[in-house]
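This report refers to the structure that appears directly beneath it.
Side-chain atoms are counted along with the backbone in the values below, which use heavy atoms only and exclude waters and symmetry mates. Each chain gets a letter, A, B and so on, in the order the sequences are listed, and its residues count up from 1.
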Amino acid sequence: MFVNNDVSKQDMEERHIVQPHDPDHPVVLSTEDLHVYYGKSEALYEGDLKFAQNQITALIGPSGSGKSTFLRSLNRMNDRIATVTGKIMYRGVDVNQPDVDVYEMRRRIGMVFQRPNPFAKSIYDNIAFALRLRGVTAKKDLDEKVERSLRQAALWDQVKDELTKSALALSGGQAQRLCIARAIALRPDILLLDEPASALDPVSTSQLEDTLLKLKEHYTIIIVTHNMQQAARISEYTAFFNQGRVLEYDTTSHIFTNPRVQVTSDYVSGNFG
Amino acid sequence: MLKAKLQNKIAIGALYGVAGIVVLILVALLGYILVSGMPQLSWHFLTAPAKAFLKGGGVGVQLFNSFYLLILAMLISFPIALGAAIYLYEYAKDNWVTSVVRTAIEILSSLPSVVVGLFGFLFFVVKLKLGFSILSGAFALTFFNLPLLTRNIEDSLHTISENQREGGLALGLSRWETVNKIILPAAVPSILTGVILSAGRVFGEAAALIYTAGQSAPALNFADWNPFNISSPLNPMRPAETLAVHIWKINSEGIMPDAKAISSGSSAVLVIAILLFNLAARYLGKRLYKRLTSA
Amino acid sequence: MKNTQPTTADLERQLKRRSKAAKLEVWGRVVSFSALILIVAVVVAIIGFVASKGIATFTTNHVNLWDFLTGKDWNPGIKDAHGKPEVGALSMIVGSFLITILSALIATPFAIGTAVFMNEISPNRGAKILQPVTELLVGIPSVVYGFIGLSVVVPFTRNVFGGSGFGILSGTCVLFVMILPTVTSMSADALRSVPRYYREASLALGATQWQTIWKVVLRAATPGLMTAVVFGMARAFGEALAVQMVIGNAALMPHTLVDPAATLTSVLTTGIGNTVMGSLQNNALWSLALVLLLMSLVFNLIVRLIGRKGRLH
Ligand SMILES: Nc1ncnc2c1ncn2[C@@H]1O[C@H](COP(=O)(O)OP(=O)(O)OP(=O)(O)O)[C@@H](O)[C@H]1O
Ligand SMILES: [Mg+2]
C-alpha cells in the first residue's frame with residue numbers, strides 16, 4: 001500500500017487530539033504552542049500535549065519525526081543546541097522561562113537516555129554522588145536512598161553484594177536500570193525516557209517494562225519508543241508524531257484499536273513507509 | 001603489467017632500504033647514548049656535586065634541580081592548562097573569539113624555546129628582579145609547557161563520550177559539576193598519560209632555562225629543608241643549573257677535564273629518564289583505566 | 001508513597017531561586033575562562049616584549065632595517081667607515097635558512113619512506129617497534145643531540161673534510177637526526193588518517209601496492225605530510241643549543257658547508273649573556289630574536305594554509 005509520507009493538508013485537518021481528562025490523574029505537565037528550531041530549520045511545530053500524573057505516556061512515530069526533540073525540550077536538555085519557543089507548564093509554572101533555574105527543574109523532571117550511560121564510578125557512587133552534591137552526606141541516609149532507588153529500579157537483588165564494583169562492568173539491561181535508579185534517587189516528579197529499551201535484549205526489555213509499570217505509582221512517565229507492542233503494553237496515553245507534528249493523541253487503546261488519522265493507522269499497523 | 005610489477009618490487013625494496021637506514025640511525029643513536037653513558041653511571045655520579053676544574057665530579061645537584069624545576073613547573077602549569085582545556089572543550093562556542101584563542105595557543109606551542117627563555121629572562125629575571133632563579137626557570141618552563149598540556153587535556157576530554165555529560169546534566173548538575181565529578185575522573189588515565197609525556201619534554205629542556213634558571217649550581221645542603229635558607233635545596237630564589245643545561249654548559253666552556261665522560265653519563269641519565277617517563281605513562285594509563293572499568 | 005507536591009506559588013519560588021548548581025556554573029566559567037585568558041596574555045606579552053625590544057635597534061639606535069637584513073658584517077660593537085654600527089644579520093639569516101632547508105630536504109624522504117613502511121608495508125613491525133621507538137626519540141632532549149653532534153659528527157667532518165669540523169654540514173646532520181623522529185611520527189599519523197577503503201578500492205582495481213601507495217595514499221595524505229615537514233622545519237629553525245654546539249658560531253657568510261658559521265639562535269644563545277641591557281649590542285640581539293619569532297609565525301601560517309587547503313579537498 002502506498003502512503004504519502006508528507007504531512008498533507010488533509011492530515012492536518014484530520015489531526016485528532018484528545019487530551020487526558022481523568023480526575024484521578026490530573027495534568028502535571030503540558031506544552032503550549034511549543035516550537036523547536038535547530039538553527040533556522042524547524043524540527044517541531046506547535047506541540048500541544050498534556051501529561052497525566054502517575055500515568056505512562058508513550059510518544060511514537062517514524063524516525064526523525066521529532067519525538068526526541070520534543071522530549072528533550074521538556075527538561076531543557078536542548079537549551080544549548082536548539083531554540084525552543086512556547087510554554088512548558090509544569091504544575092502551573094512555565095519552566096521554559098530564562099529565570100527558571102534549569103538545574104532545580106531537572107531534578108524534578110529527570111531523564112534516561114537511549115544508550116545506557118553509567119558513569120565510570122562504582123555502582124554505589126553512580127547513585128550516591130549526585131545526592132552528595134545536593135547535600136545528602138550522612139552515610140546512613142545515602143545507604144538508604146541508594147538501596148531504595150535500586151529496589152525501585154529492580155536492580156537491588158542483583159547488585160547488593162557488589163555495590164563497590166565499577167558500573168561499567170554491568171550488562172546493558174542492568175546498566176539501564178542503574179541509570180533509572182540514578183535518576184529516581186533524586187526523587188523527581190516526572191521521568192522522561194528516550195527509547196530506553198532499544199539497546200536491550202528481549203528479556204531485559206520485558207524486565208524494564210515491569211519496572212516502569214511499578215514506577216508509575218510514584219512518577220509520571222513519558223517514554224519515546226519505536227516498539228508498538230511496548231507502547232501498547234505499558235502506556236495509558238499515546239501520541240503519534242510525524243514530520244515534526246503531533247497528528248494524533250489519545251488513550252493508548254484508542255490509538256491502537258481505533259486510530260482516526262490515516263497515517264497513524266498505517267504506522268501502528270506496520271504499513272508505514 | 002610486467003613493468004608495473006617490476007616497478008612495484010623495486011619501490012618496495014627501496015622502502016625497505018629507507019626504513020632500514022632510519023632504524024639503523026635511530027638504533028645507533030640510542031645505542032651510542034646508552035653504551036657510552038652507562039659506564040659513567042654510579043651512585044657517586046648521580047649524587048655527588050659537580051667539580052668545575054677537576055675530574056670525578058657528579059651531577060647530584062643538577063639532577064635534583066631538574067626534578068625540582070619539573071615539579072614546580074608542573075604544579076604551576078597543570079591547573080592553568082586544565083582550566084583552559086575545560087573552557088575550550090566544554091564551554092567555548094564556535095566563534096571568532098575561540099578561534100583567536102586557539103591561534104594564540106598554537107603560536108605559543110610553535111615558538112622556539114629560546115625565545116620563550118629570552119622572554120623569561122627579560123620579564124622575570126630583569127623586570128621582576130627574580131634573578132637567575134628556580135622561580136624564573138619554572139615560569140619559563142610553564143610557558144613552554146602550557147600549550148602542549150592544554151592540547152593533551154583537551155584530547156583527553158574528547159575521549160569521554162558525550163552521553164556522560166548528558167547523564168550529568170539530566171541529574172540537574174551544572175556543566176562545571178558534571179565536568180569535575182564525572183568527566184575528569186573518567187579522563188584521569190588519559191590526562192595522566194599526557195602529563196607524564198609532557199613532563200618528559202620539560203625535563204630535557206635547556207634553551208628556555210639557560211637565561212632564567214641560570215647556569216650555575218651552588219652547592220646545596222641536603223640537610224636543610226627550610227626554603228628560606230640560601231643553601232636549602234628548596235629555596236626557589238637560588239640559581240639552578242639543570243642536567244640538560246649542564247651538558248650544554250660544560251661542552252661550550254670546555255674547562256672541565258672529564259666533560260665528555262660527564263656529558264655521556266648525563267645524556268644517558270636524561271634518555272633513561274625520558275624512557276621511564278614514557279613507560280610509566282603507558283603503564284599507569286592502562287592500569288588506571290582497568291581500575292576504573294572493573295571491580 | 002506519593003511525592004507530596006508544593007503549591008504552585010511555592011514551586012515557582014523554588015524553581016526561580018538560584019540554585020547552588022547555577023552559582024557553581026558561573027564560578028566554573030569564570031575560573032576556567034581566566035585560565036584561558038592567562039595563556040593568551042602570556043602569548044601577547046611574549047610577542048609584545050620581544051617586538052618592543054627588537055624594534056629598539058631601528059628606533060632608538062637608528063639602524064636601517066634594510067642594512068640589518070642584508071648587511072653581511074655582524075660586529076655590533078664596532079662602527080664601520082661611515083660611522084654606522086655593523087649590524088648586518090644576513091649571514092645568520094642565511095645560516096638558519098640553510099641548515100633548516102638542508103636538514104628538511106634530507107629528512108623528508110627518509111621520514112616519509114619510513115612512515116610508509118610503518119603504515120603500509122609492515123604495519124605489524126611498525127606498530128610494535130618503529131612507532132614506540134620514534135615516539136621515544138621525539139622526546140630526546142636537544143642538548144643530547146648537540147652533544148652527540150659534538151662528539152661524533154664534528155670529529156667525523158673534521159677527518160673527512162679537514163678544517164675544524166664545525167659548520168653548516170655538522171649542523172645539518174644534527175638537525176636531520178633531530179627532526180627525523182618528529183617528521184616520521186607526524187607523517188605516520190597523516191598516513192593513518194587515510195581511510196582504509198581508499199587502498200582497498202585501488203588494489204581491487206588491479207593497481208600494485210606501490211601504485212596504490214604512490215597514487216592514492218600519498219596523494220590523499222599530502223596535506224598531512226606537508227604539515228609534518230613544515231613542523232620539522234619550524235623545529236629546526238628554532239633549535240638553539242644543539243645547533244650552537246656544532247656550528248662554530250662565526251657570524252660570517254658561509255662560503256662552504258664546512259667552515260664555521262652561525263645561525264640566529266646560536267648567536268642569540270652565546271651573545272645575550274655577554275651584552276648589557278639596553279646597549280646597541282643587546283638590542284641587535286633582540287632584533288635577531290624578533291626575526292626568529294616572526295619566522296615561527298610564518299611557519300604557523302603555512303601550517304594553517306595547508307590545513308585549509310586540505311579541508312577543501
Ligand atoms: N542536534 C540537531 N541539530 C540539527 N538537527 C537535528 C538535531 N537533532 C535532531 N535534528 C533534526 O530534527 C528532526 C527530528 O529529530 P528527532 O531526533 O527529534 O527525531 P526522533 O523522532 O527522535 O527520531 P528517532 O526515532 O530516529 O530517534 C530530524 O529531522 C533531525 O534531523
Ligand atoms: Mg530519537
(request) Any chance you could measure C:Lys20, atom NZ, to A:Asp101, atom CG, to the nearest 0.5 Å? (result) 12.5 Å

(request) Please indicate whether A:Lys216 has more than 12 foreign heavy atoms, meaning atoms of other residues, nucleotides or ligands, lying under 6.0 Å from its NZ. (result) yes

(request) Taking atom CH2 of C:Trp214 as the centre, report whether more than 12 heavy atoms of other residues, nucleotides or ligands fall under 6.0 Å from it. (result) no

(message) Between C:Leu24 and A:Tyr103, is the side chain to side chain contact (heavy atoms under 4.5 Å, CB included) condition met? List the steps.
(response) CA-CA 11 Å; C:Leu24 275 171; A:Tyr103 313 109; over 6 Å; no

(request) Nearest 0.5 Å please: distance from the OG1 atom of C:Thr8 over to the CE atom of A:Met89. (result) 8.5 Å

(request) Please say whether more than 12 non-hydrogen atoms of neighbouring residues, nucleotides or ligands are located less than 6.0 Å from CZ in A:Arg115. (result) no

(message) If I measure from the heavy atoms of chain C, does A:Arg134 come under 4.5 Å with its side chain, its backbone, both, or neither?
(response) side chain

(message) To the closest 0.5 Å, what do you measure between CG (A:Asp94) and CD (C:Glu12)?
(response) 9.0 Å

(request) Heavy-atom distances under 4.5 Å only: say whether C:Glu25 touches chain A with side chain, backbone, both or neither. (result) side chain

(message) Give me the atom names and distance for the closest heavy-atom approach of A:Glu104 to C:Gln14.
(response) CG-O, 3.6 Å

(request) Side chain from CB out, backbone as N, CA, C, O: work out which of these in A:Val95 comes under 4.5 Å of a heavy atom of chain C, or both, or neither. (result) side chain

(message) Does atom NZ (A:Lys160) have a neighbourhood of more than 12 heavy atoms from anything else shown, all under 6.0 Å?
(response) yes

(message) Would you say CZ of C:Phe49 has more than 12 non-hydrogen atoms from neighbouring residues, nucleotides or ligands within 6.0 angstrom?
(response) yes

(message) Are C:Lys16 and A:Val100 packed together at the side-chain level, in the sense that at least one heavy-atom pair is separated by less than 4.5 angstrom?
(response) yes

(message) Working to the nearest 0.5 angstrom, can you tell me the gap between C:Leu11 CG and A:Met105 CE?
(response) 11.0 Å

